[in-house]
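Every chain is numbered from 1, with letters handed out A, B, ... down the list of sequences. Only heavy atoms go into these numbers, but all of them, side chains included; no hydrogens, no water, no symmetry mates.
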2 protein chains.
Amino acid sequence: MESETATPVKGRPREFCVDKALAEALHVFWAKGYDGASMTDLTEAMGITKPSLYAAFGNKESLFHKALDLYESEKLEYTRAALQQPTARRVAEYYLRGGVDVHAAEGKPQGCMGLISSLACSPEAESIKADVIRRRSSSQRALVERFEQAKREGDLPAHIDAEGLTSLLYAILQGITVQAGAGATRAELERLVDTSLALWPSA
Amino acid sequence: MESETATPVKGRPREFCVDKALAEALHVFWAKGYDGASMTDLTEAMGITKPSLYAAFGNKESLFHKALDLYESEKLEYTRAALQQPTARRVAEYYLRGGVDVHAAEGKPQGCMGLISSLACSPEAESIKADVIRRRSSSQRALVERFEQAKREGDLPAHIDAEGLTSLLYAILQGITVQAGAGATRAELERLVDTSLALWPSA
DNA sequence: CAAATTATATACCGCGCGTTATGGAAAGCG
DNA sequence: CGCTTTCCATAACGCGCGGTATATAATTTG
């Protein structure tokens with residue numbers, strides 16, 4: 001993307017790496033949610049002062065959207081790979097195990113950044129909630145189509161409701177992130193996944 | 001509990017009904033979560049002033065715990081009835097349909113009060129989170145025992161992991177409340193429940 | 001070297017938060 | 001009636017919030 005690593009611009013060069021700072025901001029938002037992350041939390045974690053943050057990222061809200069972009073491209077990349085699994089069961093397994101990997105990883109915040117930031121949101125954070133919901137529903141639509149394809153290909157029984165199954169899979173994923181945030185161990189979440197897959201419809 | 005409805009005490013009598021005020025406070029906490037509900041939100045909805053609130057309920061945190069008591073006794077009463085259903089499938093169905101009834105009811109806040117208040121909680125609300133988690137795990141334990149009883153009674157296959165199944169049922173419930181809070185319609189949630197029950201293991 | 005430009009550092013702004021001090025109003029008790 | 005007790009109403013407290021004005025440091029351009 002960036003064609004030149006040097007600084008061909010005039011003026012004093014900035015003393016921090018924007019990408020590194022954004023990664024730190026993501027970590028804070030992920031751990032505390034949009035409302036829970038204060039500007040002081042963010043600037044301290046990013047190692048910069050408030051004016052630098054505002055100059056580089058606009059304001060708190062636009063910083064969050066950029067952090068959410070990074071979160072989706074890095075942490076939720078596995079959902080794209082999931083859709084290309086050969087069978088519906090494999091798709092579901094990829095989704096669930098990937099969800100556990102991302103949201104119950106050691107050394108990382110426990111739970112889902114989007115869920116945390118969108119559930120209990122203050123009035124001024126309604127646009128945050130709307131953004132998260134919009135992203136979620138767009139990825140849900142892709143999963144519905146994948147399951148309808150599976151029905152045509154015969155690896156999902158014809159009597160199964162693809163939309164209902166998608167909502168169910170997302171519900172399980174959301175439950176996984178909720179329970180991860182509540183302190184569930186990885187082993188407990190894996191039992192949850194195993195049980196889910198044991199009930200998965202076979203063709 | 002209260003043996004006398006009259007006011008046998010000295011001093012100026014209070015001019016509001018404590019139970020009514022608590023019910024209003026519950027509504028606010030349910031809609032906005034613990035952190036999102038400000039004292040001004042609460043006092044305005046309860047129709048009392050801040051000193052009255054502090055005299056009657058202590059502080060914001062103890063008010064929340066009392067509201068959560070009311071929430072559990074009124075809104076989550078169905079979980080007790082659910083455990084007495086004759087089969088594991090009926091228990092699950094009672095849980096899920098009851099969850100939809102409570103958390104996607106018209107004219108009521110959408111979503112689960114405990115989940116909203118415990119997920120993205122500020123540092124000072126850690127005790128709130130701990131309380132919600134404690135209540136949740138105690139009711140989860142009862143469900144595990146109910147499913148183990150079902151295995152002994154033969155209406156649940158022996159190869160099913162009762163703890164995993166309990167975690168799964170709670171995950172679906174949590175997903176239902178998350179999606180209700182995100183604006184899912186009642187019809188969508190009922191499809192989710194129908195699909196869940198279609199996959200439920202039969203003996 | 002000066003001029004122009006951009007980033008940094010410090011201090012500050014107005015605001016809403018949870019909480020409380022203060023003074024007066026309404027009751028029972030002598 | 002005073003006296004005590006309890007509650008209500010107003011106003012204020014200290015604090016941290018998101019956001020910014022001002023001044024200074026570090027560069028490129030002439």
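The distance between the ring centers of B:Trp30 and B:Phe64 does not fall below 6.0 angstrom.
As a whole-Å value, the separation of B:Phe16 CZ from D:dT6 C1' is 12 Å. Computed from coordinates, the A:Glu15 CD to D:dT27 C1' distance equals 11 Å when rounded to whole Å.
Within residues 36-65 of chain A, the residues that have a heavy atom under 4.0 Å from DNA chain C are, in order of number, A:Thr49, A:Pro51, A:Ser52.
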N/O donor-acceptor pairs under 3.5 Å from side chains in residues 75-82 of chain B, not counting sequence neighbours:
{"unit_1": "B:Tyr78", "atom_1": "OH", "unit_2": "B:Gly99", "atom_2": "N", "d": "3.4"}
{"unit_1": "B:Thr79", "atom_1": "OG1", "unit_2": "B:Leu76", "atom_2": "O", "d": "2.7"}

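The backbone N or O of B:Ala88 lies less than 3.5 Å from a partner atom in the side chain of B:Asp155, making a donor-acceptor pair. Under the 3.5 Å distance criterion, the side-chain polar atoms of B:Asp101 are left unmatched by any main-chain donor or acceptor of B:Gly98.
Partners of B:Asn59 according to the side-chain contact (heavy atoms from CB on, under 4.5 Å) rule, which considers only residues two or more places apart in sequence or in another chain, are B:Tyr54, B:Glu61, B:Ser62. Annotation: side-chain contact (heavy atoms from CB on, under 4.5 Å) contacts of A:Arg97 (sequence neighbours excluded): A:Glu93, A:Val193, A:Asp194, A:Leu197. The side-chain hydrogen bond (donor to acceptor under 3.5 Å, both in side chains) test applied to B:Ser137 returns no partner, not counting sequence neighbours.
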Atom pairs, protein N/O to nucleotides 2-6 of chain C N/O, distance under 3.5 Å:
{"unit_1": "C:dT6", "atom_1": "O2", "unit_2": "A:Arg12", "atom_2": "N", "d": "3.2"}

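Note on B:Glu124: nothing from the nucleic acid sits closer than 4.0 angstrom, heavy atoms only.
Annotation: cation-pi geometry satisfied between A:Lys60 and A:Tyr34 (NZ/CZ under 6.0 angstrom from ring centroid, within 45° of ring axis).
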